[in-house]
Amino acid sequence: MIPPMATEGQSMAHPPEQDSVQSIFSVPVPHFPQEIITEILSWLPVKSLGQLQCVCKSWFSLISSSNFIKNHQKYSSRHPKHALTKLVLQATEDNPDILSTFSLHSLLNGISSIEVVEQLVLDSTIKEDPYDIVGSCNGLVCLSSIPGVLTLWNPCTKKSRTLPYDYHEVEILYTGTNISDRVRAATDRSYCATHAFGYDDSNNDYKVVKLYSTLTYSFPKVEEQYVYALGVYSWKSDSWKLIDDIPDGFSSWDSYALVNGALHWRSYEDGSRSTPVIMSLNLEAEKYGKIAVPDNLRGKFDWKLRVVDGYLCIVCTFDDGTMEIWIMKEYSVLESWTKVASIPNSAILNNCASPLFVSAEGKILLRILSQDLTLLDTRNKKGVVYYSETIHCAFLFTESLVSV
């Protein structure tokens with residue numbers, strides 16, 4: 001078909017079709033206030049934000065700013081549907097460097113068929129074999145490797161930082177907890193260190209806390225005893241300090257929770273299971289505290305500490321297999337402990353359940369016998385088994401842009 005000739009007043013260089021295209025793009029783009037743009041971007045996942053940084057210089061500067069990163073982290077952690085929180089499992093014996101992530105939102109909403117969201121690969125620059133997961137906080141994951149290598153890692157940005165060696169470890173091994181008293185270490189001494197990871201909001205500082213224990217003799221009297229000390233690493237100063245003023249009744253943590261700017265872990269006042277107590281370490285002041293457990297939690301039971309909507313939570317399993325969940329509604333107030341659920345023994349619990357997450361709606365994500373991953377609804381006492389393979393480690397982390 002022969003195109004029509006240009007009429008008078010029309011130029012062949014600008015055909016009608018091109019004029020219409022130009023008119024479309026000449027429509028002014030609506031202007032959104034900066035605070036609205038920031039609000040919208042603050043709810044997006046990290047992967048999307050990484051792509052949007054390429055849109056323009058102003059968005060790159062905004063998303064890279066420290067204020068935006070901090071606000072995005074706060075939005076992510078309090079997302080009503082846990083959309084940016086992932087469950088991470090290390091379940092591959094043949095390749096332990098591969099971690100599989102799952103959507104916590106999908107798990108809590110009873111989606112029968114869950115899929116791996118992403119596979120995270122740990123390379124040799126991040127950790128050494130074997131390794132343990134100390135914990136996660138604000139999107140950062142703390143890894144512990146042998147011998148004594150600690151690493152902070154952001155799975156979303158793929159950035160990591162290896163912590164400097166803690167030279168106080170040598171002092172403790174050879175001089176004891178109280179450096180000035182020069183306690184002579186045992187020839188056949190045993191040594192172990194356990195860790196916790198948290199955030200000091202007042203100083204915008206991430207801290208790794210290390211509990212040292214050694215088997216020593218008190219000179220000149222030969223007497224076996226465990227001596228404890230604490231090492232505290234500051235992300236801001238990139239250095240360690242030693243706290244050797246340890247309160248009585250201090251015991252190792254295998255379950256800890258970060259609430260109200262303090263790390264909390266389970267302990268016993270006289271070494272007996274009949275006198276449980278919650279020890280705390282305020283990360284700003286680096287001072288100790290104690291929180292009493294509910295009066296009727298006495299006797300033989302196993303318990304873990306968790307966090308529910310910012311509240312300190314106890315999940316305890318009694319010897320008869322019954323599970324109870326208690327929440328402290330007002331921090332450090334004994335009378336505010338409230339029992340929110342009680343689940344009788346069943347094939348689901350099997351007396352060997354370890355809680356990974358407790359939701360405000362009463363749903364508990366459980367790891368049972370290091371194998372089954374089960375969601376238990378405390379309201380109807382029903383459970384759904386999601387995963388039935390060996391789980392070597394499991395933890396939760398919330399997406400963030402926090403830099404290491």
Side-chain angles (χ1 to χ4, degrees), residues 38 42 46 61-78 84-85 133-144 150-157 159-169 193-212 228-247 250 253 256-265 278-291 305 307 309-312 328 330-332 395-404:
T38 303
S42 296
V46 170
S61 299
L62 170 64
I63 296 171
S64 303
S65 68
S66 57
N67 284 338
F68 180 86
I69 291 173
K70 191 169 184 178
N71 286 333
H72 177 265
Q73 179 272 313
K74 290 181 178 179
Y75 278 62
S76 300
S77 61
R78 68 171 189 253
L84 301 183
T85 300
I133 304 296
V134 174
S136 66
C137 179
N138 295 349
L140 298 184
V141 178
C142 182
L143 300 165
S144 171
L150 289 164
T151 304
L152 297 183
W153 172 50
N154 187 325
C156 292
T157 64
K159 302 295 184 181
S160 64
R161 175 197 290 196
T162 300
L163 275 56
Y165 183 73
D166 178 16
Y167 288 99
H168 296 113
E169 198 166 307
T194 52
H195 305 87
F197 178 47
Y199 177 63
D200 171 11
D201 184 65
S202 299
N203 297 303
N204 190 28
D205 195 8
Y206 292 88
K207 294 184 177 181
V208 178
V209 180
K210 178 188 289 188
L211 170 66
Y212 313 93
Y228 292 100
L230 280 181
V232 179
Y233 166 81
S234 166
W235 170 76
K236 261 190 164 181
S237 65
D238 195 29
S239 63
W240 289 88
K241 65 184 293 186
L242 183 66
I243 303 176
D244 58 6
D245 182 19
I246 304 299
F250 196 102
W253 48 59
Y256 72 89
L258 177 66
V259 177
N260 207 44
L263 289 170
H264 302 77
W265 62 96
I278 298 173
M279 300 288 295
S280 67
L281 178 70
N282 183 283
L283 291 178
E284 178 187 5
E286 296 178 352
K287 300 294 184 183
Y288 299 101
K290 287 184 181 182
I291 295 178
L305 293 178
V307 182
D309 275 359
Y311 298 113
L312 189 61
M328 177 171 267
E330 187 174 349
Y331 183 72
S332 199
F395 64 95
L396 294 165
F397 87 94
T398 301
E399 292 187 19
S400 82
L401 292 162
V402 174
S403 172
V404 293

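FYI, side chains are in, hydrogens and waters are out, and symmetry mates aren't considered; it's all heavy atoms of this structure.
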Could you go through the side chain to side chain contact (heavy atoms under 4.5 Å, CB included) check for L312 and I278 one step at a time? CA-CA 10 Å; L312 189 61; I278 298 173; 4.0 Å; yes
Please test K290 against M279 for side chain to side chain contact (heavy atoms under 4.5 Å, CB included), starting from the C-alpha separation and ending with a verdict. CA-CA 5 Å; K290 287 184 181 182; M279 300 288 295; 3.6 Å; yes
Please evaluate residues L140 and K159 with respect to the criterion side chain to side chain contact (heavy atoms under 4.5 Å, CB included), reporting the C-alpha separation (whole Å), side-chain torsions for both, the decisive distance (0.1 Å), and the verdict. CA-CA 10 Å; L140 298 184; K159 302 295 184 181; over 6 Å; no
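V307 is not listed as a side-chain neighbour of L258, based on a closest heavy-atom distance of 4.5 Å or more. Looking only at side-chain heavy atoms (C-beta outward), M328 and I291 come within less than 4.5 Å of each other. Annotation: side chain of V209 is in contact with side chain of L283 (closest heavy-atom distance under 4.5 Å).
Counting only distance, with no hydrogens or angles, the side chain of E399 and the backbone of L84 share no donor-acceptor pair below 3.5 Å. When atom types are taken as modelled, the side chain of D238 and the backbone of P164 share no donor-acceptor pair closer than 3.5 angstrom. T151 places no side-chain N or O within 3.5 Å of a backbone atom of L143 that could act as its donor or acceptor partner. Without hydrogens or angle criteria, N154 side chain to V402 main chain gives a donor-acceptor distance under 3.5 Å.
Listed here is the closest heavy atom pair of V141 and S136: CG2-CB, 4.1 Å. The heavy-atom pair separating N203 from E284 by the smallest distance is ND2-CG, 3.7 Å. Closest approach of F197 to K207, counting heavy atoms only: CD1-O, 3.4 Å. Here the shortest heavy-atom pairing between P155 and G139 reads CD-O, 3.4 Å. Across N138 and S400, no two heavy atoms sit closer than the pair O-OG, 2.7 Å. Closest heavy-atom contact between T398 and S77: CG2-N, 4.0 Å.
Residues forming a salt bridge (Lys or Arg N to Asp or Glu O under 4.0 Å) with K241 (at least two apart in sequence, or on another chain): E286.
Remark: K210 NZ to L230 CG distance equals 11.5 Å, nearest 0.5 Å. To the nearest 0.5 Å, atom CZ of residue F395 and atom CD1 of residue I133 are 4.5 Å apart. Put simply, CG on L305 and CH2 on W265 are 10.5 Å apart, with the number rounded to the nearest 0.5 Å. Rounding to the nearest 0.5 Å gives a distance of 8.0 Å between OG of S76 and CG of L401. Expressed to the nearest 0.5 Å, how far CG of N260 lies from CG of N282 amounts to 8.0 Å. Distance check: L152 CG to C137 SG gives 10.0 Å after rounding to the nearest 0.5 Å.
Taking the six-membered ring for Trp and thresholds of 30 and 60 degrees, F68 and H72 have nearly parallel ring planes, at less than 30 degrees apart. Taking the six-membered ring for Trp and thresholds of 30 and 60 degrees, Y233 and W240 have ring planes inclined between 30 and 60 degrees apart. Taking the six-membered ring for Trp and thresholds of 30 and 60 degrees, W235 and Y206 have ring planes more than 60 degrees apart, a perpendicular arrangement.
The number of heavy-atom neighbours closer than 6.0 Å to NZ of K287, taken from other residues, nucleotides and ligands shown, is 12 or below.
In the model, S234 has a side-chain atom that pairs as donor or acceptor with a side-chain atom of D205 under 3.5 Å.
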